[in-house]
Amino acid sequence: MSASDDDFLRTSYDQLRHTIDTISQNDLVLPAAHLYDHATTAIQDLPTATQGIGREATLHHLLRDIVPALNGQNLSGRYYGFVTGSTLPVAEAADNIVTSLDQNVAVHLPGQSVSTAVEDITLQALLRLLRLDATSTAEKILWPGRIVTTGATASNVLGLACGREAIIRWRHPRALGPSELGLLTACREAGVQGIQILTSMGHSSLSKAASVVGLGSGSVQELSLSEAEPWRLDLDAVEREVQKDGVASIIVVSAGEVNTGRFATNGEDDLRRLRELADRYKAWIHIDGAFGLLARILPQNDECYAHQVTAVQGIELADSITGDAHKLFNVPYDAGFFFCRHLAIQTSVFQNPNAAYLTAPTCAIQSPLNIGLENSRRFRALPIYAVLRSEGEEGLRAMLCRMVEMARRVAGFIQAHAHYQLLPSGANSSSSSANKEDMQTELDHTWVVVIFRDSRSEYNTVLTERINKTRRMYVSGTSWAGQKATRIAVSSWRVNVEEDLAVVTEVLESLAQTAPVE
Ligand SMILES: *Cc1c(COP(=O)(O)O)cnc(C)c1O
C-alpha cells in the first residue's frame with residue numbers, strides 16, 4: 001500500500017468518529033427530517049453521473065450527506081424497534097479487522113489462514129456458553145454441523161433444508177433424499193404425500209424459509225396451546241399431527257417469540273416428550289432461538305429468572321438450533337449461527353459436488369462452503385470471538401440482566417399507569433380483576449420485550465407514531481388480539497436502566513396527557 005492509501009484509510013476513520021461525535025450529541029434515535037430529506041436528494045444523481053469524483057470527495061459526501069441520515073440504533077440505547085441489538089465497541093473493532101483483511105472463509109486451509117479455526121472455536125465456545133453440549137444427565141451431545149450464518153433467517157433456512165432432507169431419507173427405501181433426487185421424486189419414492197411444519201407463533205422468517213426450501217409457507221401449521229397463550233406449543237396437537245399417514249413433520253419451537261418475548265415450551269419434560277414423538281414418528285425438531293437462546297446464560301438459581309431459565313431447558317434435545325449474534329450478543333450485522341446434530345444430512349444438502357479445487361483435507365474442521373449456503377463468506381465469526389473473549393460469560397450475563405431489568409421496569413410502569421395496558425394479558429392496576437400476584441407474574445414472565453397499548457383507542461391508534469416522532473426513543477408498532485399495539489424490545493449493551501427509564505417514562509407520561517389530535 002502506498003503511503004497515501006494508508007493515510008487515506010487512517011484519516012477516514014478519524015473523520016468518521018468525528019462525524020459520529022457530532023451527530024450523537026443530540027442523542028436522537030432517528031435523524032432529523034431535514035437531514036433525511038437532504039440525503040435522499042443528495043444521492044439522486046448517481047445513476048446519471050458519468051465521472052468519478054475520487055475517494056476524498058466521496059468520503060466527504062458519505063460523511064456529510066449520508067451518515068447524518070441514518071438511524072441511531074448503534075448510537076443510542078433507546079432504539080427499541082424490532083430486536084436489533086447494537087454493537088459492542090470491541091465487536092466493531094473486530095469487524096474493522098474483518099474488513100481490512102477481507103478473508104474469504106470458505107475452505108478450511110490449515111497453515112494458510114487461521115480464520116476457519118477461529119470460526120470453529122467460536123462455535124464451540126458458544127455451545128459451551130449456552131450449555132448445549134450436554135444434557136442434564138451429563139450425556140455428551142455433539143453438534144458437528146456448526147456454522148456462522150448471516151442471521152436467524154439463514155439459520156432457519158438451513159434448519160428446514162436439513163429437516164426436509166432427514167424426514168424424507170428416514171422414510172426412503174434406499175435412504176436417499178431431495179438433495180440428490182429432488183423434492184418431488186424423493187417424496188414419491190418415500191411415500192411422502194405432504195410435509196408439515198408444526199409450530200406456535202413461528203417467526204415470519206420461518207414461512208419465508210419454508211417457501212425457499214420448497215415446502216411452501218402454507219405448510220406452516222399453527223398449533224397454539226390457547227388463545228390466552230398463543231405462543232405456547234400444543235403438544236397434544238403435535239402428537240396427533242406427527243402420526244398422520246403419509247405426512248412427514250418438522251417441529252419448530254419458538255424459543256423466544258418475537259412479538260411477546262414469550263417461549264413455546266416450558267421445561268425439559270416438554271422437550272423430552274417432543275423428542276420421543278420425533279424419534280417414534282421420524283420427525284425433526286428445530287429450535288428458533290434467535291434472541292431467546294441467550295436465556296440459557298441467565299443466573300440459574302435466581303427466582304426472578306426462574307421462568308425464562310425453565311423455558312429454555314431441554315432445547316439441547318433438538319436436531320437443529322438457530323441463534324442470532326447481531327441481536328442480543330451485540331455484534332454488527334450480519335451474523336447468526338446454526339447448530340445441527342446430523343453432519344451427514346447437512347453435508348449432503350450443502351456439499352459443492354465436483355469441485356476438486358475446493359476440496360479440503362479431511363479434518364475435524366468442516367469447510368464452511370460444504371455445510372452452509374454461501375461459498376464466499378465474510379469472516380463474521382471474528383466479532384463474536386472478540387465479544388466472547390472480552391466480556392466472558394459473566395460480562396454477557398450482566399449485560400443481559402440489565403436488558404431484562406430495563407424491560408421489567410418499563411412493564412411495571414405501564415402496569416401501574418392509569419391509561420396504559422400491559423399486554424399480552426392486559427393486566428392493569430386500575431382494572432378490578434387484577435390482583436397483585438398476577439401482576440408480579442406478568443413482570444416475572446417479561447424477557448426483553450414489552451408489548452402494550454393505550455386503553456383509549458383514539459390514543460392507541462397513533463401511539464407508536466407519536467412516540468417515534470419525539471425521536472427520543474424508537475418503538476415498533478404491532479398488533480395484539482386484533483388491535484394496534486406498541487412494542488419495546490431492549491437489546492442494546494448501552495442500556496442504562498435509570499437514565500433510560502427516566503426518558504421512557506417521561507415520553508409515555510407526556511403522551512398520555514396530550515390529546516391525540518393536535
Ligand atoms: C429476528 C428473528 C428471526 C430473523 O432473524 P434475522 O437475524 O433478522 O434473519 C427469526 N426468528 C426469530 C424468533 C427472530 O426474533
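Only a predicted model underlies this, so the values are computations on that prediction, with no experimental measurement involved. For ligands, and for the atoms within them, numbers begin at 1 and follow the listed sequence. As a basis for the values below, the full set of heavy atoms in this structure was taken, side chains included, without hydrogen atoms, waters or symmetry mates.
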Nearest non-hydrogen protein atom, [atom]:
| atom | value |
| --- | --- |
| atom 3 (C) of ligand 1 | H203 CE1, 3.3 Å |
| atom 5 (O) of ligand 1 | A152 CB, 3.1 Å |
| atom 11 (N) of ligand 1 | D288 OD2, 2.7 Å |

Using a heavy-atom cut-off of under 4.0 Å, does the side chain or the backbone of T153 touch ligand 1, or both, or neither?
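Answer for T153: both.
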
Straight-line distance of R146 CZ to Q366 CD, nearest 0.5 Å:
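Atom-to-atom, R146:CZ and Q366:CD are 8.5 Å apart.
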
Tell me whether [X] is salt-bridged to [Y], with the criterion being a basic N under 4.0 Å from an acidic carboxylate O.
| X | Y | result |
| --- | --- | --- |
| E465 | K469 | no |
| E394 | R397 | yes |
| E239 | R273 | yes |
| R78 | D27 | yes |
| R378 | D95 | yes |
| E499 | R494 | no |

Number the atoms of ligand 1 from 1 as they appear, then name those within less than 4.0 Å of a heavy atom of [X], with their elements.
| X | value |
| --- | --- |
| F291 | 15 (O) |
| G256 | 13 (C) |
| V258 | 15 (O) |
| K327 | 1 (C), 2 (C), 3 (C), 4 (C), 5 (O), 14 (C), 15 (O) |

Of A335, S205, A209, A290, the residue with the heavy atom nearest atom 12 (C) of ligand 1 is A290

Give a yes/no verdict on whether any heavy atom in V83 is under 4.0 Å from an atom of ligand 1.
no

Decide whether the shortest distance between a heavy atom of H326 and an atom of ligand 1 is less than 4.0 Å.
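It does, in that a heavy atom of H326 comes within the 4.0 Å cut-off of ligand 1.
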
Test side chain to side chain contact (heavy atoms under 4.5 Å, CB included) applied to L160 and I195, V252, V212, the passing residue:
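Checked I195, V252, V212 against L160; only one passes side chain to side chain contact (heavy atoms under 4.5 Å, CB included): V252.
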
